[in-house]
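Convention: sequence-line order gives letters A, B, ...; per-chain numbering from 1. Note that this is a predicted model, so its numbers are computed, not measured.
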Amino acid sequence: MKRYLLIVPIACWMFSCQKEIPLKTDEIEPRIVVNSIIGTDDTVWVSLSESRNVLYDSTLPAITSATAKFLDGSGNVIGDFIHEGDGIYYYTGSVPGVGNSYGISVAYGDFDPVSASTRIPVPVTISDVDTNTQGEYLNFDIDFTDNAATADYYSITIGGQYIYFDGFDTIKSIAYYLYSPSVIVDNGTDDGSGMKYAEEFYFSDKTFNGGNVEFPATVYVGPWSEDTVRYFVVLRSLSEEYYKYRLSYDKYNEASGNPFAQPVQVYSNVTDGFGVFGSFSEFVSDTIVVE
Amino acid sequence: MRKLFILLCLISFYSVGLAQNKSTLSGYLKDAETGEALIGARVYVDTLKAGVVANDYGFYSITLPNGTYAILFSFVGKSPEKMLVQLDANLTLNVNLKESKMLNTVEVTGEAKQHESSEMSTFNLPMSKVKSLPVMFGEQDILKTLQLLPGVRSGSEGSSGIYVRGGGPDQNLIMLDGVPIYNANHLFGFFSVFNGDAINNVKLIKGGFPAEYGGRISSVIDIRMKEGDMKKIHGEGSIGLIASKFMLNGPIWKDRTSFMISGRRTYFDILSKPFIALANKQMGGEDKISGGYYFYDLNLKVNHIINEKNRIYLSGYMGDDVLKVTSRYTIDDGSGKKYFEESEGGMDWGNKIVALRWNHQFNPKLFLNVTGNFSEYKFNTGFGYKYYEQGKEKTPEEKYAFNYLSGITDFGGNLHFSYYPHPKHKIKFGVGETYHTFKPGVTTLNYSSSGDVIDTSFGASKTFAHEFFGFLQDDFELGKRIQANVGVHFSNFLVRQKYYNAIQPRASFNFKITDKSSIKASYARTTQFLHLLTNASIGLPTDLWVPVTDSVPPQYGHQWAIGYAREFKHGFRASTEAYYKVMNNLLEYKDGASYFGTTESWEELIEVGNGNSYGLEVLLERTTGKLTGWIGYTLSWTNRHFDNLNNGKWFPYRYDRRHDVSVVLTYKFNDKVDIGVVWVYGTGNAVTLALQQYNGMPVNEWGNQTINHIDQRNNYRMPSYHRLDLGLNIHRPHDKWEGTWSISIYNAYSRQNPFYLEIGYLPNDPTDKKVLKQISLFPIIPTVSYSFKF
């Protein structure tokens with residue numbers, strides 16, 4: 001690269017001149033950042049931190065002394081989030097229930113208070129999983145029923161477990177890359193043949209709203225004997241906030257550092273702040289043994 | 001029955017009698033010195049207050065009651081000719097106008113007076129102005145001169161991209177001799193492909209489009225090449241800082257056949273050779289680098305008069321930009337074996353067009369032009385690498401190559417009729433068809449290493465389409481005060497078995513308030529079946545031309561405009577226009593979309609939305625006298641809306657600039673010395689800039705990704721842009737030729753104008769702090785060039 005620099009500066013004396021443009025950073029007020037995704041069997045936690053103007057060149061400070069409240073769908077306080085360290089707060093009261101709405105409100109120092117809400121979607125049951133082997137690939141058809149009356153958002157992952165003997169029988173887990181048709185899924189990398197691949201696919205019900213759905217997915221399982229691996233499918237029902245945030249966040253990460261990529265606006269549902277407060281529920285299929 | 005028969009005979013005799021009382025005067029208006037057609041020259045009969053303008057081939061036709069008239073033939077920059085014509089039968093009269101030596105001509109009768117013509121939002125650019133203005137690197141540029149007009153923007157510093165009344169760069173129908181050119185840029189947009197020496201006439205239409213034009217929704221830039229002098233050989237040439245050019249024209253067969261040929265080439269590649277040699281010397285050994293960049297243009301035209309009623313023209317253009325870099329390094333692995341690493345990369349892009357035209361005059365009132373044309377634009381970029389042991393070049397240990405190709409090819413033809421039935425009516429009608437082949441980006445990859453081989457290609461397949469159009473328009477007078485141009489343009493597009501059609505009504509009116517002033521109004525509906533996917537602020541050749549498809553609809557535009565024009569004494573004239581424009585089905589790339597390194601089809605990378613644009617333009621011109629030029633001001637807003645971008649909210653267009661001022665003046669001291677001054681000012685373009693950063697959701701064990709938050713697309717305004725250019729031309733006439741020294745200073749006070757902004761660190765900054773940086777391109781650039789003509 002240095003060898004090219006001999007030519008470049010000669011041409012660039014006319015073509016490159018840099019100077020600082022004043023950016024009124026005083027007018028860019030920091031805000032509270034809320035990051036939390038709640039499920040139905042997880043401990044409810046939230047990460048709180050401060051935003052800074054874009055010229056700030058240090059680690060973004062965590063918020064360690066905020067007043068963060070967990071709310072029900074009517075805005076009533078259910079409990080408080082307690083700080084456990086590094087800006088991570090936990091709520092250890094009742095486990096959130098599916099179909100219910102929850103909210104969060106955060107107040108901290110001189111910052112504008114922020115709030116957000118989400119509704120935990122009802123999990124959708126996987127009614128059936130058909131498999132068939134094609135060489136070193138395993139095809140899945142995952143059946144479930146979508147609710148036509150609601151706008152629904154999903155994610156699918158396929159995992160596997162096998163027993164590995166290293167002196168002891170140890171259960172090892174595998175997370176597979178899935179291949180699915182591009183027209184169905186909303187994320188993933190296009191392989192140029194009308195299919196996309198990803199570790200986790202996100203999709204909405206726009207292509208099939210309502211009725212029985214047969215979601216096709218293919219994984220590469222390799223030359224190992226199929227009956228040593230037990231497969232399972234995880235179908236998550238996502239809140240709209242979680243779905244939008246995840247898609248935009250993934251796009252943002254993919255576009256980072258690519259000068260030819262369009263800028264990405266990462267979704268946020270936090271009023272007067274940044275971040276995401278979303279939710280999901282999930283259904284894990286029975287273990288699938290491939291004959 | 002008998003009475004009816006007598007009545008019919010009387011009516012017939014009366015009609016025949018009426019017809020026999022009128023005759024048609026027609027012919028060609030040409031430059032006395034060069035023989036070039038005087039497009040838009042005026043033919044005026046004062047006693048009847050009737051007039052016509054010459055068409056694109058210099059042909060005029062006017063039907064008058066039989067009698068004797070003083071007829072004035074005129075064109076800007078030429079001495080008008082007043083002739084007494086006795087008209088008692090159809091008469092052909094060809095007139096050659098000489099160069100005007102009178103700098104203080106009071107009465108400019110030039111092309112149709114602005115306040116009398118139904119033309120609106122139209123500017124005829126005199127080539128003399130293009131040649132006399134100071135320019136960057138001494139290279140005259142038609143498109144850069146057009147950017148100095150109100151309502152016309154450049155994309156960024158130095159770019160010759162055109163953004164007219166809030167429209168995108170793909171919305172301009174740029175035609176060379178009636179053939180569309182798809183990429184009119186050299187050197188990433190810093191220069192246009194038009195060699196000024198080969199050009200006879202340039203017309204810009206920003207609104208009120210006559211029905212004869214279609215295919216784009218924001219502007220028409222109609223550029224006509226010179227035809228060639230039928231009497232004697234002429235030539236021009238110049239040597240500049242970065243390029244040289246020549247133009248030669250003259251008779252092949254005196255008074256019957258003429259030719260014009262011109263060429264231009266840069267010599268960056270030649271100038272950089274010594275520096276590359278120095279770099280190679282410093283590296284020493286067998287290591288070598290080489291490379292360079294150049295562009296060239298070649299224009300050719302042949303014009304043949306078959307007889308009085310038939311002429312044929314063959315015109316062609318080809319141009320290319322070529323950038324190439326190669327390197328070769330030696331690697332000694334310590335075991336005594338020597339290896340080589342060779343790489344080669346580059347890009348090339350260019351246009352080719354050919355047009356064959358036949359003009360036929362059926363009779364003094366009916367004129368036909370038939371055109372067959374071919375147009376091609378191609379872009380190609382690639383990179384190759386191989387690693388091999390000395391002596392085993394043909395069997396490298398590792399090799400890979402990448403190539404990306406895109407382009408568009410057109411075959412087309414059209415018929416254009418001009419019919420002059422009456423002095424108060426000029427009717428045009430015609431049909432045309434173009435067969436498009438789109439190649440919107442195919443990538444091929446080859447890789448081999450240690451027995452592993454990859455050989456694949458991906459991207460969009462070719463798309464074929466038919467585009468058919470027809471039009472009918474009438475330019476007519478309604479009483480003594482109203483001039484109107486009303487018509488309809490209809491077009492159809494057939495692609496992938498999907499059919500689109502559009503009826504596009506057009507109307508423009510001129511209401512004369514006094515002999516010196518008028519009010520104008522216009523409406524135009526326009527349609528465009530092509531889109532340009534553009535991913536950067538400069539005119540990258542990687543921008544893709546794509547057709548509408550079964551899933552991507554055509555662009556539609558509606559534009560309303562109202563204006564006022566007034567002539568003053570001493571050649572001054574002023575005009576002001578307000579416009580409102582709506583654009584539907586615009587394309588933008590999705591968030592995060594990248595046309596490079598993706599296997600997805602372009603249709604999956606775009607969003608479809610709408611836009612609007614409105615503003616006020618003011619233009620004060622002086623066209624005669626020692627001091628000529630114009631001052632232009634534009635106040636405008638331009639916005640876009642896409643359901644899936646910017647959270648569905650309206651946002652400013654990238655080139656939404658609130659205020660634009662241009663001062664363009666030339667002063668002719670005498671025949672030997674003239675100066676030019678250009679000063680431009682514009683408030684900042686809108687750019688997307690993240691102003692805040694925050695932690696994203698932790699998604700893996702490596703912690704949070706920091707997110708740079710963008711609250712809105714195009715949320716930040718770049719600093720304002722202003723620049724002063726100065727030029728001096730010293731003409732040295734000799735017996736048979738004239739030489740001119742041109743000295744110009746671009747950006748005379750070396751303003752650091754913004755090219756783009758980014759967050760980063762300044763070089764050699766002791767504080768090493770992160771700042772918002774402005775990258776500028778061109779400081780003060782003095783240039784000297786020498787030109788000659790004979």
Cut-off 4.5 Å, heavy atoms of chain A, and the answer for B:N646 is both
Set of ring pair (Phe, Tyr, Trp, His ring centres under 6.0 Å) partners for A:Y56, sequence neighbours left out = none
Turns out that what part of B:E758 lies under 4.5 Å from chain A's heavy atoms comes down to neither
How are the rings of B:H709 and A:F274 set to each other: parallel, tilted or perpendicular (split at 30° and 60°)?
-> tilted
Looking at B:P763 and A:Q18, what are the two nearest heavy atoms and their distance?
-> CD-OE1, 3.5 Å
Whatever's closer than 4.5 Å to a heavy atom in chain A on B:I759 counts as side chain
With a 4.0 Å cut-off, would you call A:E20 and B:K770 a salt bridge?
-> no
Does any non-hydrogen side-chain atom of A:Y252 lie less than 4.5 Å from one of B:I710?
-> no
Side chain / backbone / both / neither for B:Y293 at chain A, heavy atoms under 4.5 Å | neither
Heavy-atom closest contact (B:Q752 atom, A:C17 atom, distance) | NE2-SG, 3.1 Å
Heavy-atom distance under 4.5 Å between the side chains of A:I37 and B:M697, does that happen here?
-> yes
Of all the residues in residues 103-114 of chain A, which have a heavy atom that comes within less than 4.5 Å of a heavy atom in chain B?
-> none
